[in-house]
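To keep things clear, I will list the structure first and then write my remarks on it.
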Amino acid sequence: MATGRAELDARLALFPSSRYMGSKHQVLPFLYQHLAPLEFRSVTDAFSGSGAVSYLLKGMGKAVTANDFMHFSYQTARAIIDNAGTVLTPEEVEELLRPNRRAGDFIQQTFRDLYFTDEENALLDTISHNIRTRLRNSYKRSIAYAALARACLRKRPRGLFTYTGVRYLDGRRDLQLTLADQFREAVNVLNRAVYDNGQENNALNMDAFELPTGTDLVYLDPPYVSGLSDNDYIRRYHFVEGLVRYWEDVEIQEHTSTKKFARYPSLFDSKTTVRHAFSTIFDHFRDSIITVSYSSNGIPSRDEMVSLLQQYKENVVVHEIDHLYSFGTHAHMVGENQNRVQEYLFIGS
Ligand SMILES: C[S@@+](CC[C@H](N)C(=O)[O-])C[C@H]1O[C@@H](n2cnc3c(N)ncnc32)[C@H](O)[C@@H]1O
């Protein structure tokens, strides 16, 4: 199903944008410009993050498989990529907010005085319990989890869980809205983003190296390794990641002030393994058109990436655009104007 540009723009305006580290939301027009001429019907977005690129691809009428090993990214992808029509009704939302004596106090006890008030922590215990016990439909559950994570992120100055206490309180509306209202608003935003593009779409929660192959194209946007900034998604988002999986099978590091847990190991984490990571994943997807987003301050360099890709693909082209990274990725550079980098799209066919 082909989609017109105006229709696509209207659709993309409904994407629940966020400050997710490394989100490609700002460069979707650049990606569209270079992906649209390629011939493909099915696509795997192996590192879907905020879901922005999967949402673009869904808008382009493709059959999309969105994957991320973070549970809260996965719940967002289930809610707005995989899901073709299920929404959470206002009555269901109020039901989720209703106090429940069985909710327990895990969040109140574990995270007291760290990120939210006692009252807000009690509400999080309630909503989390109600989602697990009252919502039978798994798409409704995904919308609720994605909305809960979104509400918590918006209620945190700078959308981060790397520090404790309420610093940077700047009077923004997002910080003033109650957590319950943030949750209601987040459900509305997610509900509005749900639609059917006439294709079978899918959300997965796997290590990218284990993904099924066979889609016509794969889009790779792994974390960037750079000497300048860290790419630890768990350090930034552990609270919402823990929340959507109810801290099951993760070990909270009690000695840390933030009560975070260990990052999920990824070959894309370090300078010593990242080249191997790229060749392994190129090899894995060698039968698909391979597209890669990367930036000029990342390792490997542009030239190295081209030669790595040429080992698996005959034709390799690189497109580039200037991009100013949102802070979070390069927080320490804000003000120095050095977070302006070249954003690359490598295409191997
Ligand atoms: C640069 S972000 C992707 C941003 C995304 N394209 C967007 O527009 O929001 C990288 C993502 O890769 C995920 N990730 C890192 N290593 C992974 C792995 N081995 N398997 C699956 N996902 C991984 C992270 O959780 C993170 O969401």
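Note that the numbering runs from 1 along the sequence shown for the chain.
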Checklist entry - Under 3.5 Å, is there a donor-acceptor pair between the side chain of N83 and the main chain of T86? => result yes
Item to check | Stepwise side-chain hydrogen bond (donor to acceptor under 3.5 Å, both in side chains) test for T44 and T215 | outcome: CA-CA 6 Å; T44 301; T215 51; 2.7 Å; yes
Next on the checklist: F69 vs Y74, test: side chain to side chain contact (heavy atoms under 4.5 Å, CB included). Steps then yes/no.
Outcome noted: CA-CA 7 Å; F69 71 1; Y74 162 67; over 6 Å; no
Checklist entry - Cation-pi between R156 and Y115: NZ/CZ under 6.0 Å from ring centre and within 45° of the ring axis? => result no
Next on the checklist: Please determine whether side chain to side chain contact (heavy atoms under 4.5 Å, CB included) holds for the pair K259 and Q253, giving the CA-CA distance in whole Å, both sets of side-chain angles, and the decisive distance to 0.1 Å.
Outcome noted: CA-CA 6 Å; K259 301 275 180 80; Q253 296 167 334; over 6 Å; no
Item to check | Value rounded to 0.5 Å, distance of NE2 in H276 from CD1 in I281 | outcome: 11.0 Å
Next on the checklist: I'd like to know whether S279 forms a side chain to side chain contact (heavy atoms under 4.5 Å, CB included) with Y312, so could you lay out the CA-CA distance, the side-chain angles of the two residues, the decisive distance to 0.1 Å, and finally the verdict.
Outcome noted: CA-CA 9 Å; S279 11; Y312 302 91; 3.7 Å; yes
Next on the checklist: For L14, is there any backbone N or O sitting under 3.5 Å from a side-chain donor or acceptor partner on R192?
Outcome noted: no
Next on the checklist: In the structure I gave you, are the side-chain heavy atoms of F47 and S73 within less than 4.5 Å of one another anywhere?
Outcome noted: no
Checklist entry - Should V64 and Y219 count as side-chain neighbours, where that means a heavy-atom distance under 4.5 Å? => result no
Next on the checklist: Just checking F268 against F278, ring centres under 6.0 Å apart?
Outcome noted: yes
Next on the checklist: Could you check whether any side-chain N or O of Q199 sits under 3.5 Å from a backbone N or O of G61, counting only pairs where one atom can act as donor and the other as acceptor?
Outcome noted: yes
Item to check | CD1-CZ distance between I290 and F346, expressed to the nearest 0.5 angstrom | outcome: 12.5 Å
Checklist entry - So, does D9 use its side chain to make a donor-acceptor pair with the main chain of A6 at under 3.5 Å? => result no
Checklist entry - Are any non-hydrogen side-chain atoms of L96 and L88 less than 4.5 angstrom apart? => result yes
Checklist entry - Would V187 and L177 show up in the same hydrophobic cluster when neighbours are defined by side-chain heavy atoms closer than 4.5 Å? => result no
Checklist entry - Can S295 and N297 be said to form a side-chain hydrogen bond (donor to acceptor under 3.5 Å, both in side chains), step by step? => result CA-CA 6 Å; S295 95; N297 62 355; 2.5 Å; yes
Next on the checklist: Under a plain distance cut-off of 3.5 Å, with no hydrogens placed, do R263 and N231 share a side-chain donor-acceptor pair?
Outcome noted: yes
Checklist entry - Nearest 0.5 Å, what's the CG-CD distance between L308 and Q310? => result 9.5 Å
Checklist entry - Does N67 use its side chain to pair, donor to acceptor, with the backbone of D45 at less than 3.5 Å? => result no
Next on the checklist: Does N130 form a side-chain hydrogen bond (donor to acceptor under 3.5 Å, both in side chains) with N100? I'd like the steps, not just the answer.
Outcome noted: CA-CA 8 Å; N130 289 341; N100 185 325; 3.0 Å; yes
Checklist entry - Taking the six-membered ring for Trp, are the ring centroids of Y264 and Y233 within less than 6.0 Å of each other? => result no
Item to check | Any T126 side-chain heavy atom under 4.5 Å of L97 side chain | outcome: no
Checklist entry - F72 and Y145: aromatic ring centres closer than 6.0 Å? => result no
Checklist outcome for this item: d(S296 OG, Y344 OH) to nearest 0.5 Å is 4.5 Å
Next on the checklist: Any side-chain to backbone donor/acceptor pair from E304 onto S301? Under 3.5 Å, distance only.
Outcome noted: yes
Next on the checklist: Are L217 and L38 packed together at the side-chain level, in the sense that at least one heavy-atom pair is separated by less than 4.5 angstrom?
Outcome noted: yes
Item to check | Neighbour count above 12 (heavy atom, 6.0 Å) for E314 CD | outcome: no
Checklist entry - Got T258 and L114 here, is their nearest side-chain heavy-atom distance under 4.5 Å? => result no
Next on the checklist: Between R98 and E95, does the salt bridge (charged side-chain N to carboxylate O under 4.0 Å, His left out) criterion hold? Intermediate values first, please.
Outcome noted: CA-CA 5 Å; R98 189 158 305 142; E95 190 66 13; 2.6 Å; yes
Next on the checklist: Is it the case that atom CD in E200 sees more than 12 heavy atoms from other parts of the structure closer than 6.0 Å?
Outcome noted: no
Next on the checklist: Under 6.0 Å between ring centres: does that hold for Y20 and Y237?
Outcome noted: yes
Item to check | Distance under 6.0 Å and angle within 45° of ring axis: K260 vs F161 | outcome: no
Item to check | Carboxylate-amine/guanidinium contact K24 E343, below 4.0 Å | outcome: yes
Checklist entry - Taking only residues two or more places apart in sequence or in another chain, which ones pass side chain to side chain contact (heavy atoms under 4.5 Å, CB included) with V317? => result H319, I347
Item to check | Co-membership, hydrophobic cluster, residues Y139 and I143, 4.5 Å side-chain | outcome: no
Item to check | Reported CZ-to-CG distance for the pair F239 and L153, which is rounded to 0.5 angstrom | outcome: 10.0 Å
Next on the checklist: Please determine whether side chain to side chain contact (heavy atoms under 4.5 Å, CB included) holds for the pair L179 and L124, giving the CA-CA distance in whole Å, both sets of side-chain angles, and the decisive distance to 0.1 Å.
Outcome noted: CA-CA 9 Å; L179 191 57; L124 292 175; 3.7 Å; yes
Checklist entry - Is V87 reachable from V189 through a run of hydrophobic residues whose side-chain heavy atoms are each under 4.5 Å from the next? => result no
Next on the checklist: Walk me through whether S293 and D221 qualify under side-chain hydrogen bond (donor to acceptor under 3.5 Å, both in side chains).
Outcome noted: CA-CA 5 Å; S293 274; D221 184 21; 4.7 Å; no
Checklist entry - Side chains of D216 and S288: closer than 4.5 Å at any heavy-atom pair? => result no
Item to check | Quiz item: cation-pi between R11 and Y195, 6.0 Å / 45° | outcome: yes
Checklist entry - Taking atom types as modelled and ignoring hydrogens, do the side chains of T89 and E92 form a donor-acceptor contact shorter than 3.5 angstrom? => result yes
Next on the checklist: Donor-acceptor check, side chain of S23 to backbone of S18, threshold 3.5 angstrom: yes or no?
Outcome noted: no
Checklist entry - With distance as the sole test, does D207 use its side chain to make a donor-acceptor pair with the main-chain N or O of E210 at under 3.5 Å? => result no
Checklist entry - Are side-chain heavy atoms of T65 and L204 found at a separation under 4.5 Å? => result yes
Next on the checklist: Walk me through whether E185 and R154 qualify under salt bridge (charged side-chain N to carboxylate O under 4.0 Å, His left out).
Outcome noted: CA-CA 11 Å; E185 196 163 291; R154 293 186 81 93; 5.3 Å; no
Checklist entry - Does the separation of the ring centres of F15 and Y55 fall below 6.0 angstrom? => result yes
Item to check | Check: F106 main-chain N/O paired with Q109 side-chain donor or acceptor under 3.5 Å | outcome: no
Checklist entry - With a 4.0 Å cut-off, would you call R236 and D232 a salt bridge? => result no
Next on the checklist: Looking at S48 and G51, would you say the former's side chain and the latter's main chain have a donor-acceptor pair under 3.5 Å?
Outcome noted: no
What donor-acceptor contacts under 3.5 angstrom involve side-chain atoms of residues 116-123, with partners at least two apart or in another chain?
from: T117; atom 1: OG1; to: E120; atom 2: N; distance (Å): 3.1
from: T117; atom 1: OG1; to: E120; atom 2: OE1; distance (Å): 3.3
from: E120; atom 1: OE1; to: T117; atom 2: N; distance (Å): 2.9

Next on the checklist: Whether the R78 and S138 side chains hold a donor-acceptor pair (N or O, under 3.5 Å, no angle test) is what I'd like checked.
Outcome noted: yes
Checklist outcome for this item: Taken to the nearest 0.5 Å, the spacing of S54 OG from K62 NZ works out to 13.5 Å
